[in-house]
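Structure first, commentary second.
Throughout, residue positions are numbered sequentially from 1 according to the sequence presented. Computed from a predicted model, the values in this text were never measured in an experiment.
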Amino acid sequence: MKKIILLLCFINVSICTSQTIVKEDQEAIIAVMKLQEKAWFNNDLEGFMQGYWKSDSLKFYGSNGLTKGWQQTLDNYKKGYPTKEHAGNLTFTIKDISKISDGNYWVMGTYYLKRKVGDANGVFMIIFKKINGEWKIIADTSC
C-alpha cells in the first residue's frame, strides 16, 4: 500500500511540475512577442527581428511566398515598412500556445497593424524553439 501511495504522490508531483514548466515557457514566449511589439512601435526592425532565429534556416511564409533566412526576412521587412508611417503600431492577440515537444511550441493568433497609410490585419502561426536558452521563432506563417 505504501508503494502505491508513493507512486501516486510521484505522479502528482510530476504532473504539477510539467504544468509549471509549460506555463513558464508560455510566459517567456509572450514576453518575446511583447518585446517585438515594442520594437515595432519604435520602428526598430532589427530589434523586432531579435525574436527570430538568426539563421539561414529561418522560414517565413507570407503573401509574397516563402522567404528563407534571417537576413532576407529583415530585408523584406525593411522594404515593406520603410518608415514609421508604414510600420505603424503592431499588436498581437494570441489565441493559442501549444507545446509540440520539449523546447518547441506553436503560437496562433491575430495581428493588428494600425497605421496612417492604411491598417493591415491578419492571422499568424509561428513556431518557437528554445535555442541556447532563448525562445526564438524558427518558422512564421503570416497572412
Side-chain angles (χ1 to χ4, degrees), residues 4-143:
I4 292 173
I5 292 172
L6 284 174
L7 179 61
L8 291 174
C9 288
F10 175 76
I11 291 170
N12 189 38
V13 168
S14 294
I15 291 170
C16 290
T17 301
S18 177
Q19 290 172 343
T20 300
I21 290 169
V22 168
K23 183 73 170 159
E24 289 172 358
D25 290 348
Q26 290 172 334
E27 289 171 357
I29 288 167
I30 290 168
V32 170
M33 295 181 75
K34 290 291 180 193
L35 287 173
Q36 286 186 300
E37 287 176 337
K38 183 177 180 182
W40 190 275
F41 180 78
N42 292 321
N43 200 34
D44 177 9
L45 296 177
E46 287 86 0
F48 176 80
M49 286 295 296
Q50 294 310 302
Y52 287 87
W53 182 30
K54 196 168 189 176
S55 167
D56 290 338
S57 296
L58 169 70
K59 292 185 175 72
F60 183 97
Y61 190 74
S63 60
N64 293 326
L66 179 64
T67 299
K68 295 181 181 178
W70 187 91
Q71 187 61 54
Q72 186 60 51
T73 301
L74 173 60
D75 292 346
N76 288 351
Y77 274 126
K78 286 181 175 181
K79 184 178 176 182
Y81 306 97
T83 67
K84 175 65 179 158
E85 288 73 30
H86 288 90
N89 187 24
L90 175 67
T91 55
F92 297 118
T93 299
I94 297 169
K95 303 292 185 178
D96 182 59
I97 301 177
S98 293
K99 184 175 182 177
I100 301 169
S101 64
D102 286 344
N104 295 282
Y105 287 78
W106 77 50
V107 181
M108 295 179 187
T110 53
Y111 66 87
Y112 304 94
L113 190 57
K114 301 286 183 197
R115 54 194 186 158
K116 293 178 182 176
V117 296
D119 295 346
N121 305 320
V123 297
F124 65 85
M125 184 173 109
I126 52 182
I127 299 176
F128 272 89
K129 180 177 184 70
K130 197 166 198 178
I131 301 171
N132 298 324
E134 296 182 320
W135 288 103
K136 298 291 181 181
I137 298 167
I138 64 167
D140 182 338
T141 299
S142 297
C143 53

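- In this view, Asp102 and Lys99 satisfy the salt bridge (Lys or Arg N to Asp or Glu O under 4.0 Å) rule, not counting sequence neighbours.
- Under the salt bridge (charged side-chain N to carboxylate O under 4.0 Å, His left out) criterion, no residue pair touches residues 48-71, with sequence neighbours excluded.
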Show every donor-acceptor pair shorter than 3.5 Å between a side-chain atom in residues 120-128 and any protein atom, with sequence neighbours excluded, or say none if there are none.
from, atom 1, to, atom 2, distance (Å)
Asn121, OD1, Leu113, N, 3.4

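- Every residue two or more places apart in sequence or in another chain that forms a side-chain contact (heavy atoms from CB on, under 4.5 Å) with Ser57 is listed here: Trp53, Ser55.
- Within the structure, every pair that satisfies the salt bridge (charged side-chain N to carboxylate O under 4.0 Å, His left out) test and touches residues 31-41, not counting sequence neighbours, is listed here: Lys34-Glu37.
- Evaluation of the salt bridge (charged side-chain N to carboxylate O under 4.0 Å, His left out) test over residues 70-92, restricted to residues two or more places apart or in two chains, returns Glu46-Lys78.
- The side chain to side chain donor-acceptor pair (under 3.5 Å) search around Asn76 returns Thr67, Gln72, not counting sequence neighbours.
- Pairs of residues two or more places apart, or lying in two chains, that qualify as ring-ring contact (aromatic ring centres under 6.0 Å, His included) and include a residue from residues 94-122 are Tyr105-Trp135.
- Shown here are the side chain to side chain donor-acceptor pair (under 3.5 Å) partners of Thr91, two or more places apart in sequence or in another chain: there are none.
- Counting only residues at least two apart or in different chains, salt bridge (charged side-chain N to carboxylate O under 4.0 Å, His left out) contacts with residues 117-128 comprise Lys114-Asp119.
- Side-chain atoms of Trp40 do not come within 3.5 Å of backbone N or O of Phe48 as any donor-acceptor pair.
- Pairing each heavy atom of Ala87 with each of Asn43, the nearest pair is CB-OD1, 3.5 Å.
- Across Gly47 and Ala39, no two heavy atoms sit closer than the pair C-CB, 3.6 Å.
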